[in-house]
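Report on the following structure.
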Amino acid sequence: MKSGFLTVKKDVENEIIIEKSRFICTVKRVDGEDDAKEFLTFIKSKYPDANHNCYAYIADEGGFYIKFSDDGEPQGTAGIPMLETLKAKGLKKVACVVTRYFGGIKLGTGGLARAYSDSVKKAVEKAGISECLYSVTLSTFVSYSLYPKMLKLLENIKCIKNGDEFDGEGVKMTFTVPYELQEKLSIEILDLSAGKSTITAIKTGYFEYL
């Protein structure tokens, strides 16, 4: 059963200075490896004069499309620390590039690893983290008398409300819930309406719960 994953809320750029070197970390939510590669190309064109454009990405929700690069830094001092920082946060469908402008002071392998890791960590903190769950969008029609009870029912579960349509007979409610709640919620709605409401599944997919 598909469940969910964490990703960044928004795309951000954050800069830190360590021993006069500039570390500019750009973090972006991506939708697959092609999207990640396009992002890398864009950043390299944005900072063509940088000493290094190191990167790491986990491009899909399953964590299968993973890649990283030290881009000329000593092996293991940039790409891997960046990737491990993303993994430590539990992030998927995310890419990051740390652009470095050398400040003239060598940091050593340990210092470089910490600098690249900290750069990603601070950028992710700035971006924020969102939860994306495999979910189903449902619709049902209820009478006006049952509408307040339905609202209360939905308020007590993790739910995205997609809007209600009112007419002379009642309310068509459309909402998205985690897939694992579908069966239980459907039973509760049928019990609430004494079996009169029909629940229709519209679509499934990953939805963001803030």
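FYI, side chains are in, hydrogens and waters are out, and symmetry mates aren't considered; it's all heavy atoms of this structure.
Grouped by direct or indirect side-chain proximity (heavy atoms under 4.5 Å, Ile/Leu/Val/Met/Phe/Trp/Tyr only), I24 sits with F39, L40, F42, I43, Y47, Y55, Y57, V97, Y101.
Neither Y65 nor L86 shares a network with the other; the hydrophobic side chains, linked directly or stepwise wherever heavy atoms of I, L, V, M, F, W or Y lie under 4.5 Å apart, form separate groups for each. In the hydrophobic clustering of this structure, F166 groups with M150; members are Ile, Leu, Val, Met, Phe, Trp, Tyr whose side-chain heavy atoms approach within less than 4.5 Å, directly or through other members. By the criterion of side-chain heavy atoms lying less than 4.5 angstrom apart, applied directly or through intervening Ile, Leu, Val, Met, Phe, Trp or Tyr residues, L138 is not grouped with I202; the two fall into different hydrophobic clusters. Under the 4.5 Å side-chain contact rule for hydrophobic residues, L6 and V30 do not share a cluster. Y134 and I129 fall into different hydrophobic clusters, where Ile, Leu, Val, Met, Phe, Trp and Tyr side chains are chained together by heavy-atom contacts under 4.5 Å.
Considering only heavy atoms from C-beta on, P48 stays 4.5 Å or farther from K44 through its side chain. A heavy-atom distance below 4.5 Å is not found between the side chains of F175 and T137. K93 has its side chain out of reach of I58: every pair of non-hydrogen atoms, C-beta onward, lies at least 4.5 Å apart. Side-chain contact between M82 and C54: present, with at least one pair of heavy atoms (C-beta onward) separated by less than 4.5 Å. Two residues are said to be in side-chain contact when any heavy atoms from C-beta on lie closer than 4.5 Å; T140 and T200 fail this criterion. With contacts defined as side-chain heavy-atom distances shorter than 4.5 Å, the pair V136/T176 does not qualify. Taking the side chain as every heavy atom from C-beta outward, K28 and V8 never approach each other to under 4.5 Å. L154 is listed as a side-chain neighbour of K161, based on a closest heavy-atom distance under 4.5 Å.
Checking side-chain atoms of D70 against main-chain N and O of E73 turns up no donor-acceptor pair under 3.5 Å. Judged by distance alone, the side chain of S193 and the main-chain N or O of I189 form a donor-acceptor pair under 3.5 Å. Put simply, the side chain of D71 gets close to the backbone of N53: a donor and an acceptor are under 3.5 Å apart. With hydrogens and angles ignored, the 3.5 Å screen pairs no side-chain donor or acceptor of S117 with any backbone N or O of A113.
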> Does the side chain to side chain donor-acceptor pair (under 3.5 Å) test come out yes or no for S3 and Y179, once each step is laid out?
Replying inline: CA-CA 8 Å; S3 54; Y179 193 84; over 6 Å; no

> Y116 and H52: side-chain contact (heavy atoms from CB on, under 4.5 Å), yes or no, with the steps?
Replying inline: CA-CA 11 Å; Y116 279 99; H52 309 279; 4.0 Å; yes

>> Set out, in order, the CA-CA distance, both residues' side-chain angles and the distance that settles side-chain contact (heavy atoms from CB on, under 4.5 Å) for L133 and V177, then state yes or no.
In response: CA-CA 9 Å; L133 297 176; V177 297; over 6 Å; no

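A search for side chain to side chain donor-acceptor pair (under 3.5 Å) contacts involving T26 returns nothing, not counting sequence neighbours. In terms of the salt bridge (Lys or Arg N to Asp or Glu O under 4.0 Å) criterion, residue partners of K46 (sequence neighbours excluded) are, by chain and number, E13.
More than 12 heavy atoms of other residues, nucleotides or ligands lie within 6.0 Å of NZ in K126, so this atom counts as buried by the packing criterion.
Using a cut-off of 4.0 Å between Lys/Arg side-chain N and Asp/Glu carboxylate O, E125 and K121 are scored as not salt-bridged.
Applying the salt bridge (Lys or Arg N to Asp or Glu O under 4.0 Å) test to every pair with at least one member in residues 142-159, sequence neighbours left out, gives these pairs: E131-K158. Listed by first then second residue, pairs satisfying side chain to side chain donor-acceptor pair (under 3.5 Å) with a partner in residues 15-24 read E15-R22, S21-R100, not counting sequence neighbours.
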Contacts table for residues 141-148: side-chain donor-acceptor under 3.5 angstrom, sequence neighbours left out:
| from | atom 1 | to | atom 2 | distance (Å) |
| --- | --- | --- | --- | --- |
| S143 | OG | S145 | OG | 2.9 |
| S143 | OG | L146 | N | 3.4 |
| Y144 | OH | D167 | N | 3.4 |
| Y144 | OH | D167 | O | 2.4 |
| Y147 | OH | D164 | OD2 | 2.6 |

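Taking the six-membered ring for Trp and the full ring otherwise, the centers of F5 and Y206 sit less than 6.0 Å from each other.
Of the listed residues (V98, V120, N14), just one forms a side-chain contact (heavy atoms from CB on, under 4.5 Å) with F23, and that residue is V98.
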